[in-house]
Amino acid sequence: MMASLLTEEENYVRLALLLKGVSPRAVRLYFDRELPPTDLHSTLNTNKKTLSDLKCQRVLNQAQWNLLFPTNGVPDSTTFDVTLMICLIRNLTSVTQPINGFNSLPPSVETTPQADLARIKWYRNILAHHDSNKMATADFDAAWSNISDVSVTYVLMIIK
């Protein structure tokens, strides 16, 4: 018999599933609109100097570089994680940054797609650097409210 999860553990698991399962699809939908799959290979090659500079600055790591410039085949956004897609959107498109940039949690009144990406990135980073598998209910409620609406909106766009 398996022991039931504590509420704080369930909060963590639910947010992790949202951020690792649903949210990447939402980001990918936006990414593929900004950097269409049919043009991705040529766009990356055209911007190789910019990407190389990001690698030298350690914004991109070797594993990400290998996804962008695979030795066999062409790059495919389905292999990119949220961090890489948002990095490419920030550096290879002309999208407007959220009011506080992509590295801060946008105010709730800011409802642009770019602010939504920043929200996903913000909470994904919190989860990635979280030191336990628990999350207080108040923190979970705030995160869930910020992320679930964004993710559901984009996923519904995929279905339509």
Shortest non-hydrogen pair, Thr93 vs Ile89, comes out as OG1-O, 2.5 Å
Can you name the residues that form a salt bridge (Lys or Arg N to Asp or Glu O under 4.0 Å) with Asp53, not counting sequence neighbours? Lys49
Which distance, rounded to the nearest 0.5 Å, do you find between the CG of Leu88 and the CG of Leu44? 6.5 Å
Decide side chain to side chain contact (heavy atoms under 4.5 Å, CB included) for Leu127 and Tyr12; before the verdict, give the C-alpha distance in whole Å, the side-chain angles of both, and the deciding distance to 0.1 Å. CA-CA 8 Å; Leu127 201 69; Tyr12 179 88; 3.4 Å; yes
Within 45° of the ring axis of Phe69 and under 6.0 Å from its six-membered ring centre, is that where the NZ or CZ of Lys48 lies? yes
pair Cys87-Val59: side-chain heavy atoms closer than 4.5 Å: yes
Please find the pair of heavy atoms, one from Ala115 and one from Pro106, that lie closest to each other, and give the distance. O-CG, 3.3 Å
A side-chain contact here means heavy atoms from C-beta on lying under 4.5 Å apart; do Asn146 and Trp122 qualify? no
Indicate the atoms forming the closest heavy-atom contact of Leu60 with Leu51, along with that distance. CD1-O, 3.7 Å
Is a side-chain N or O of Ser23 found less than 3.5 angstrom from the main chain of Ile120, in a donor-acceptor match? no
Might you point out which heavy atoms bring Gln114 and Tyr30 nearest each other, and give the distance in Å? NE2-OH, 3.5 Å
Same apolar cluster: Ile99 and Phe102, side chain cutoff 4.5 Å: no
With sequence neighbours left out, write down each residue that passes side chain to side chain contact (heavy atoms under 4.5 Å, CB included) with Pro36, or none if nothing qualifies. Thr38, Asp39
Residues pairing under ring pair (Phe, Tyr, Trp, His ring centres under 6.0 Å) where one sits in residues 71-97, two or more places apart or in two chains, turn out to be Phe31-Phe80
Kindly compute the distance separating CD (Glu34) from CG (Leu117), expressed to the nearest 0.5 Å. 9.0 Å
Audit row: Asp81, Val27, side chain to side chain contact (heavy atoms under 4.5 Å, CB included) steps and yes/no: CA-CA 9 Å; Asp81 66 6; Val27 174; over 6 Å; no
Check: Gly101 main-chain N/O paired with Ser104 side-chain donor or acceptor under 3.5 Å: no
Check: Met135 and Leu15 side chains under 4.5 Å, non-hydrogen atoms: yes
Spatial distance of atom CD (Gln97) from atom OG1 (Thr112) [nearest 0.5 Å]: 11.0 Å
Between Asn91 and Thr50, is any side-chain donor less than 3.5 angstrom from a side-chain acceptor? no
Step by step, would you call Thr83 with Arg124 a side chain to side chain contact (heavy atoms under 4.5 Å, CB included)? CA-CA 9 Å; Thr83 303; Arg124 181 239 159 259; 3.4 Å; yes
Decide yes or no for Arg28 and Met85: does some side-chain heavy atom of the first lie under 4.5 Å from some side-chain heavy atom of the second? yes
Tell me yes or no: between the side chains of Gln64 and Lys55, is some donor less than 3.5 Å from an acceptor? no
With distance as the sole criterion, is a donor-acceptor pair present between the side chains of Asn125 and His129 under 3.5 Å? no
Rounded distance [0.5 Å steps], CG in Asp139 versus CD1 in Ile126: 8.0 Å
Minimum heavy-atom separation for Leu40 and Ser77, please, with both atom names. CD2-N, 4.0 Å
To the nearest 0.5 Å, atom CG of Leu105 lies from atom CG of Asn100 at 8.5 Å
Is there a path from Trp65 to Val74 through hydrophobic residues (I, L, V, M, F, W, Y) whose side chains come within less than 4.5 Å of each other? no
Flag, side chain of Glu9 to backbone of Asn133, donor-acceptor distance under 3.5 Å: no
Taking C-beta and beyond as the side chain, do Lys121 and Asn103 meet within less than 4.5 Å on heavy atoms? yes
First locate atom CG of Leu92, then atom CG of Asn47, and finally report the distance between them rounded to the nearest 0.5 Å. 4.5 Å
